[in-house]
Amino acid sequence: MKAAVINQPNSIHLRDIDMPEVGEGEALIRVRYCGICGSDLHVLHGQHPTATFPVVPGHEFVGELVEAKGVGADQFQPGDMVVAQPFFSCGNCEPCAQGHDNVCQNLCFMGAHCNGGFAEYVKVLTRKMYKIPKDMDLRLAALTEPVAVAVHDVRRSGLQVGETALVIGGGPIGMLIAIVARHTGARKVVISEINAFRREFAEKLGFETVNPLDPDFDRKMMELTDGKGFHVSYEVSGSKPGIAAAVQYTAIGGMVMIVGMTREPHPVDLSTMFSRELRMQGVRIHSQYSFIGAVELLKSGALNEEFLSLVSKVYPLGEVEQAFAFSEIPGDYFKVLVEM
């Protein structure tokens with residue numbers, strides 16, 4: 001089969017590789033679309049701390065079921081359109097037993113530790129696979145995994161109906177978190193973003209935005225919450241200024257969510273954490289329960305117009321190298337998909 005392979009850092013090429021072998025409890029999917037994520041770029045440039053090479057990147061995929069084996073396989077038929085949670089968890093370690101399969105001690109994340117979705121076929125766990133309606137736009141279905149990230153982050157934050165939320169970093173994940181937070185019942189969601197295109201895009205979706213480089217940034221932030229700060233702050237930029245702002249603008253007793261990946265340690269204002277009795281929560285990928293939540297949310301159609309608006313460009317598999325090159329360049333776009 002054809003697949004995009006990273007043999008070593010900074011080198012991705014379309015190759016012919018062997019088809020995946022499907023064992024008990026596994027399924028084979030013919031991929032239709034796969035999205036490029038920031039973590040795919042981290043893998044490509046050798047910046048992912050645990051990725052192994054060679055590897056086929058990609059974990060945001062949708063496709064057609066070819067075969068499934070083992071427990072649960074009888075719930076599917078070849079030809080079903082499906083999505084799957086893109087990692088293999090053991091189900092036996094203590095985190096898995098506690099329902100935290102996303103931090104499994106033996107986690108194999110697709111596209112980093114084992115082959116992922118930038119290929120004609122991909123292997124998944126049958127127990128992590130879900131049917132989607134045959135009439136669903138497959139570009140939309142390809143967003144299931146990043147939507148699951150947003151669902152997981154909002155759920156873990158404990159955001160309540162009528163509360164306020166700050167999203168620092170208006171990229172694809174930040175925008176999805178904002179959309180899900182508003183749908184959850186936040187009365188106000190503010191997006192802090194440097195990029196003018198992203199701010200304008202967010203405003204068209206009905207969000208208030210601020211530019212952290214604005215000289216009046218502090219005053220505007222206080223005005224937005226009557227000087228109280230936000231009940232929940234989602235730090236999605238992974239930057240030192242972003243983490244500082246998340247702590248600074250979170251209300252007394254509020255929650256700081258650490259969503260963005262950082263390549264180095266950043267200081268945290270513990271004095272403010274102490275004096276305001278703030279809570280801080282890290283999040284990694286998403287639980288299977290949150291993935292199910294994303295599937296059901298997409299099936300409901302409640303937010304599909306907003307979600308689909310994030311799809312900016314689609315490349316054929318034969319141009320996957322160009323797709324990754326395009327994704328490297330800061331520009332006026334959000335999600336880039338590859339069609340198989």
ask   = Partners of V268 by side chain to side chain contact (heavy atoms under 4.5 Å, CB included), sequence neighbours excluded?
value = I243, V247, L270, M273, M280

ask   = Which of these passes ring-ring contact (aromatic ring centres under 6.0 Å, His included) with F118: Y33, F61, F324?
value = F324

task = Flag the pair E223 and K220 as a salt bridge only when some basic side-chain nitrogen lies within less than 4.0 angstrom of an acidic carboxylate oxygen.
result = no

Scan side-chain atoms only and decide if [X] and [Y] contain a donor-acceptor pair under the 3.5 Å cut-off.
X    : Y    : result
H100 : E94  : no
K188 : T225 : no
E235 : S237 : yes
Y130 : Q288 : yes
E328 : H45  : yes

key: Heavy-atom closest contact (H231 atom, R187 atom, distance)   = CE1-NH1, 4.0 Å

ask   = How about F307 and F334: are their ring centroids closer than 6.0 Å?
value = no

key: cation_pi(R155, Y289) dist<6.0 Å, angle<=45   = yes

request  = Look at the aromatic rings of Y315 and F326 and report parallel, tilted or perpendicular, splitting at 30° and 60°.
outcome  = tilted

